[in-house]
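For reference, the structure discussed in these notes is given below.
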Protein chains: 2
Amino acid sequence: MNKHDADKRDLFAIADLAKEFGISTRAIRFYETKGLLKPDRVGSTRVFRRRDRARLILILRGKRLGFSLRDISEYLSLYDTDNSRTAQVQLLIEKVDERLGLLRSQLTDLETTIAELSEIRALADERIGPATDIDKAS
Amino acid sequence: MNKHDADKRDLFAIADLAKEFGISTRAIRFYETKGLLKPDRVGSTRVFRRRDRARLILILRGKRLGFSLRDISEYLSLYDTDNSRTAQVQLLIEKVDERLGLLRSQLTDLETTIAELSEIRALADERIGPATDIDKAS
DNA sequence: CATCAGGTTGACGTTTACGTCCACGGGTGT
DNA sequence: ACACCCGTGGACGTAAACGTCAACCTGATG
């Protein structure tokens with residue numbers, strides 16, 4: 001909808017991405033030093049393209065999930081790997097499976113936690129009085 | 001099943017818990033200094049009861065999910081609050097809701113990630129050849 | 001031309017979550 | 001009495017992930 005729709009553009013300044021994702025430019029530069037991003041350069045100035053923007057999105061999601069940058073780096077390489085030419089597809093499969101295992105156990109943890117909290121919430125809710133038709137009508 | 005079934009006992013030494021959960025005694029002491037655990041004392045020696053063991057389980061789960069100790073501390077207080085006597089049940093509800101929101105968005109992130117990885121896995125799997133009856137029979 | 005916004009590297013500071021090392025005390029087996 | 005083993009608290013070290021200057025280089029603009 002937006003004239004500047006980020007998904008359609010192909011070139012981004014470091015500040016563009018920082019603003020778009022609410023992080024600091026320092027952080028972005030840091031990710032680069034860690035090899036998670038590899039923006040092009042024009043002179044010394046970084047120029048980001050869709051590919052790096054996509055990677056950034058994955059990085060941030062990984063962070064929300066509590067993974068370290070090192071973890072995320074490995075994880076990104078799964079996306080990178082040229083599945084069709086890899087000599088070690090088997091190795092790729094193993095890595096993906098390993099990560100899937102981790103994620104699935106996290107999923108279980110999360111579901112348990114959500115269930116527990118929901119119960120607490122229900123109890124508290126009861127205490128304050130369940131919503132009545134009258135309440136809803138107010 | 002085990003004679004020493006941990007869930008049935010009521011008293012634990014710091015080393016018991018450390019061993020059971022595969023963490024260091026140093027870590028447990030650290031959690032105490034941060035107020036996450038409040039073991040009884042016999043002289044200067046810590047004595048843990050079921051309550052603190054339960055809290056420890058929650059702490060570790062929180063960590064697996066990528067929360068900070070500070071986050072976890074707040075989270076534990078949700079369990080602590082005496083729902084039936086709280087003067088501010090409403091506040092409790094708000095806090096629980098807030099946390100539930102966080103967890104649910106994590107859940108979404110996780111599901112997305114798992115789906116993406118599954119796809120990658122499927123592609124790689126194809127490349128190496130789908131499992132045949134012969135393969136399975138080998 | 002002066003200035004100013006935005007970019008760069010480098011060095012150092014900071015917080016979190018422990019690990020490591022230490023000197024010390026208390027109970028136990030021999 | 002002596003050697004162990006376990007536990008304790010204090011001090012210091014450390015890795016990760018940035019934040020915070022500082023000093024510098026642009027390119028655009030009034």
Side-chain angles (χ1 to χ4, degrees), chain A residues 4 6 9 11-49 52-53 55-77 102 106 109, chain B residues 4 6 9 11-49 52-53 55-77 102 106 109:
Chain A
H4 302 292
R9 285 167 53 199
L11 300 180
F12 306 85
I14 190 169
D16 293 342
L17 295 183
K19 195 170 299 179
E20 180 178 358
F21 298 111
I23 61 183
S24 70
T25 61
R26 184 67 183 78
I28 295 178
R29 279 192 284 270
F30 185 69
Y31 298 154
E32 187 188 350
T33 71
K34 292 294 171 175
L36 302 189
L37 297 175
K38 286 176 184 116
D40 291 339
R41 298 279 187 148
V42 171
S44 66
T45 301
R46 274 163 259 252
V47 174
F48 297 81
R49 318 194 60 155
D52 277 309
R53 179 168 169 280
R55 290 175 71 94
L56 187 50
I57 291 176
L58 292 180
I59 291 171
L60 297 178
R61 195 168 70 200
K63 294 206 56 181
R64 283 199 300 276
L65 292 175
F67 289 105
S68 71
L69 291 188
R70 182 183 304 277
D71 287 339
I72 294 171
S73 171
E74 243 195 74
Y75 167 70
L76 283 175
S77 69
L102 236 172
Q106 267 205 39
D109 276 346
Chain B
H4 301 291
R9 285 169 53 199
L11 300 181
F12 307 85
I14 191 169
D16 294 340
L17 295 182
K19 196 170 300 179
E20 179 179 358
F21 297 111
I23 60 183
S24 71
T25 61
R26 185 68 184 77
I28 294 179
R29 278 194 285 268
F30 185 68
Y31 298 154
E32 187 187 349
T33 70
K34 291 294 169 174
L36 301 189
L37 297 175
K38 286 176 184 119
D40 291 340
R41 299 278 185 150
V42 172
S44 66
T45 301
R46 276 164 258 252
V47 174
F48 297 81
R49 317 195 59 156
D52 276 310
R53 180 169 169 279
R55 290 175 72 91
L56 187 50
I57 291 175
L58 292 180
I59 292 171
L60 298 177
R61 196 169 70 199
K63 294 204 57 180
R64 283 198 302 277
L65 292 174
F67 289 105
S68 71
L69 292 187
R70 182 184 304 277
D71 287 340
I72 295 172
S73 171
E74 243 195 75
Y75 167 69
L76 284 174
S77 70
L102 237 171
Q106 266 204 41
D109 275 347

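As the structure is a prediction and not an experimental result, all values here were calculated from the model. Chain A is the first sequence line, chain B the second, and so forth, proteins listed ahead of strands; every chain is numbered from 1.
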Computed from five pairs at either end and rounded to 10 degrees, the angle between the axes of the helix from dC1(C)-dG30(D) to dT30(C)-dA1(D) is 20°
Segment of DNA chain C, first to last nucleotide, that comes within the 4.0 Å heavy-atom reach of chain A | dG7(C) to dA11(C)
With sequence neighbours excluded, residues passing side-chain contact (heavy atoms from CB on, under 4.5 Å) with S68(A) = R70(A), D71(A)
Apply side-chain contact (heavy atoms from CB on, under 4.5 Å) to S73(B) and list each qualifying residue two or more places apart in sequence or on a separate chain.
-> L36(B)
Would you call E20(B) and R53(B) a side-chain contact if the rule is heavy atoms closer than 4.5 Å?
-> yes
Find out whether L69(A) and F30(A) are in side-chain contact, i.e. whether some heavy atom of one side chain is under 4.5 Å from a heavy atom of the other.
-> yes
Sugar-phosphate means primed atoms, P, OP1 and OP2; the rest is base. With that split, encode nucleotides 4-20 of chain D 5' to 3' as B, S or - using protein heavy atoms under 4.0 Å.
-> ---SBS-B----SBBBB
Kindly write out the residues that satisfy salt bridge (Lys or Arg N to Asp or Glu O under 4.0 Å) with R49(A), not counting sequence neighbours, or none if the list is empty.
-> D10(A), D40(A)
Have T33(B) and R29(B) got a donor and an acceptor in their side chains that come within less than 3.5 Å?
-> no
Looking at L17(B), I28(B), I14(B), L76(B), which one forms a side chain to side chain contact (heavy atoms under 4.5 Å, CB included) with L37(B)?
-> I28(B)
Please say which of K63(A), R55(A), R61(A), K34(A) ends up in a side chain to side chain contact (heavy atoms under 4.5 Å, CB included) with I72(A).
-> K63(A)
Would R41(A) and R46(A) satisfy side chain to side chain contact (heavy atoms under 4.5 Å, CB included), going step by step from the backbone distance to the final call?
-> CA-CA 5 Å; R41(A) 298 279 187 148; R46(A) 274 163 259 252; 3.2 Å; yes
For the pair D16(B) (side chain) and A13(B) (backbone), establish whether a donor and an acceptor sit closer than 3.5 Å, ignoring hydrogens and angles.
-> yes
